[in-house]
Amino acid sequence: MHSQPKTGLVYDDIFLRHQTTFGHPERPERLVAICEALKSAGLWEKLEHLPVQAAPREVVELIHDAEYIDRIAALAACGGGYVDSPDTPISEESLEVALAAVGGVIGAADAIMTGRVRNAFAAVRPPGHHAMPDRAMGFCLFNNVAIAARYLQTTHGLERILIVDWDVHHGNGTQAIFYDDPTVLFFSVHQYPFYPGTGSRQERGWGDGLGMTINAPVPAGTDEATWLRTFQDMLQPAIEHFRPEFVLISAGFDAHEMDLLGRLAVTTEGYAKATKLVKRIADTYANGRLLSVLEGGYHLGALGASAAAHVAALMDGPTGS
């Protein structure tokens, strides 16, 4: 049993240096809460801690326009400000931090592909799933998960990538990036109608990508059992045809019943159950290759507990149960 690769963790104190504004929900304390919860649950020392290096610019340009990256760099060089939207503030070091977040995520993808780790959780910020190729929104600068998907295809030669997004908000950036792409299956369960306004069931992809976007919108107040059932009812049938070679999770924990940014009723245990469902897909089709990347989650206690439950589920052996 000891020869089994461990679960990897991407974390570095550099991620605390992206400063937002006073009272902003996307704050450094989010990662502090996750690290403390992993330590108090006895998981921290059992994880393989993966190194974090800044992503080369050409990796970010797999998804994002050069002009957009330049715009963030110029704003950061002037001490910070708001990028494209008043909900997305940056500070002087934010570009450096965002490049480190992308670098940590692609480093984890490499570690999974080479067998150094079995799967991994990237506790990074700023988050990514609202970021478009040419603009920031919803606290997000670079779309970490989208970049990882394209990186796995271009660098490791994979053809079929599954992205599961369970943040309470629809991952509109990720959807837009892969909307006409038949090689990436995007599944999102999210509160609807809600920010950012996208994510209806009618949004199913375009052209060659038709049917490769699967949205499971649920209304405010939806209970955990209904939320979990979307994985079985809407994701599972598509997977049997698609047969992904790698699974990415946009792991937002703001659908938690205690989180004030959403109005869903998922519990800490519900996140563990969702993790096991997605992990079973990875074990069945993708040789266990699964990389989870932090998105939202703003109630510090719920975020820490949910992330720890998520990581504990990732650390379990191959799922047959």
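As a basis for the values below, the full set of heavy atoms in this structure was taken, side chains included, without hydrogen atoms, waters or symmetry mates.
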> Considering all heavy atoms of both residues, which atom of Val278 and which atom of Val247 are nearest to each other, and what is their separation?
Replying inline: CG1-CG1, 3.6 Å
>> Determine whether Thr267 and Glu224 satisfy the following criterion, side chain to side chain donor-acceptor pair (under 3.5 Å), listing intermediate values before the conclusion.
In response: CA-CA 7 Å; Thr267 65; Glu224 178 174 288; 2.5 Å; yes
> Between Arg289 and Glu245, is there a side-chain N and carboxylate O pair less than 4.0 Å apart?
Replying inline: no
> Side-chain heavy atoms under 4.5 angstrom apart, residues restricted to Ile, Leu, Val, Met, Phe, Trp, Tyr: same cluster for Leu16 and Val97?
Replying inline: yes
> Ring centres of Trp166 and His190 under 6.0 Å apart?
Replying inline: no
> Do the rings of Tyr271 and Phe253 sit parallel, tilted or perpendicular, given the 30° and 60° boundaries?
Replying inline: perpendicular
> Salt bridge or not for Asp70 and Arg57, using N-O below 4.0 Å?
Replying inline: yes
> Got a donor-acceptor contact below 3.5 angstrom from the Thr21 side chain to the His24 backbone?
Replying inline: no
>> Main chain of Arg116, side chain of Lys6: is a donor-acceptor contact present, judged purely on distance under 3.5 Å?
In response: no
> So Phe15 and Tyr11, would you call those rings parallel, tilted or perpendicular, with 30° and 60° as cut-offs?
Replying inline: perpendicular
> Should Val168 and Met258 be regarded as members of a common hydrophobic cluster, given that ILVMFWY residues are connected when their side-chain heavy atoms come within less than 4.5 Å of each other, either directly or indirectly?
Replying inline: no
>> When you group the ILVMFWY residues by side-chain heavy-atom contacts below 4.5 Å and let the links chain together, are Ile63 and Trp206 in the same group?
In response: no
>> Using only atom types and a distance under 3.5 Å, with no angle test, would you say the side chain of Arg27 pairs donor to acceptor with the backbone of Pro25?
In response: yes
> Where do Glu26 and Thr20 land on the side chain to side chain donor-acceptor pair (under 3.5 Å) test, with the steps shown first?
Replying inline: CA-CA 7 Å; Glu26 205 296 283; Thr20 48; 5.7 Å; no
> Can you tell me if CD on Gln53 sees more than 12 non-hydrogen neighbours from other groups inside 6.0 Å?
Replying inline: no
>> For a quick test of reading the model, state the closest non-hydrogen atom pair linking Val10 to Ala108 and the distance between them.
In response: CG2-CB, 3.7 Å
>> Apply salt bridge (Lys or Arg N to Asp or Glu O under 4.0 Å) to residues Asp181 and Arg150 and explain how you reach the verdict.
In response: CA-CA 11 Å; Asp181 188 335; Arg150 200 56 94 212; 2.8 Å; yes
> Hey, any chance Leu248 and Met234 share a hydrophobic cluster, counting ILVMFWY side chains that come within less than 4.5 Å of each other, even indirectly?
Replying inline: yes
> Among the clusters formed by ILVMFWY side chains lying less than 4.5 Å apart, do Leu228 and Leu235 turn up in the same one?
Replying inline: yes
>> Looking at Glu203, is its backbone amide N or carbonyl O close enough to the side chain of Asn215 to form a donor-acceptor pair, meaning the two atoms are under 3.5 Å apart?
In response: yes
> What salt bridge (charged side-chain N to carboxylate O under 4.0 Å, His left out) pairs are there with at least one residue in residues 71-94, not counting sequence neighbours?
Replying inline: Arg17-Glu93, Glu67-Arg71, Arg71-Asp84
> Given the side-chain rings of Tyr298 and Phe139, with only the six-membered ring counted for Trp, is the space between their centroids under 6.0 Å?
Replying inline: yes
Ignoring hydrogens and angles, write down the donor-acceptor pairs under 3.5 Å from the side chains of residues 127-136, residues two or more places apart or on other chains.
| from | atom 1 | to | atom 2 | distance (Å) |
| --- | --- | --- | --- | --- |
| His129 | ND1 | Asp165 | OD2 | 2.7 |
| His130 | ND1 | His170 | O | 3.4 |
| His130 | ND1 | Asn172 | OD1 | 2.7 |

> Taking only residues two or more places apart in sequence, or in another chain, which ones meet Thr230 in a side-chain hydrogen bond (donor to acceptor under 3.5 Å, both in side chains)?
Replying inline: none
> So, does His299 use its side chain to make a donor-acceptor pair with the main chain of Ala302 at under 3.5 Å?
Replying inline: yes
>> Please evaluate residues Leu75 and Val83 with respect to the criterion side chain to side chain contact (heavy atoms under 4.5 Å, CB included), reporting the C-alpha separation (whole Å), side-chain torsions for both, the decisive distance (0.1 Å), and the verdict.
In response: CA-CA 8 Å; Leu75 192 60; Val83 189; 3.6 Å; yes
> With side chains defined as the heavy atoms from C-beta onward, is the minimum distance between Asn119 and Leu291 less than 4.5 Å?
Replying inline: no
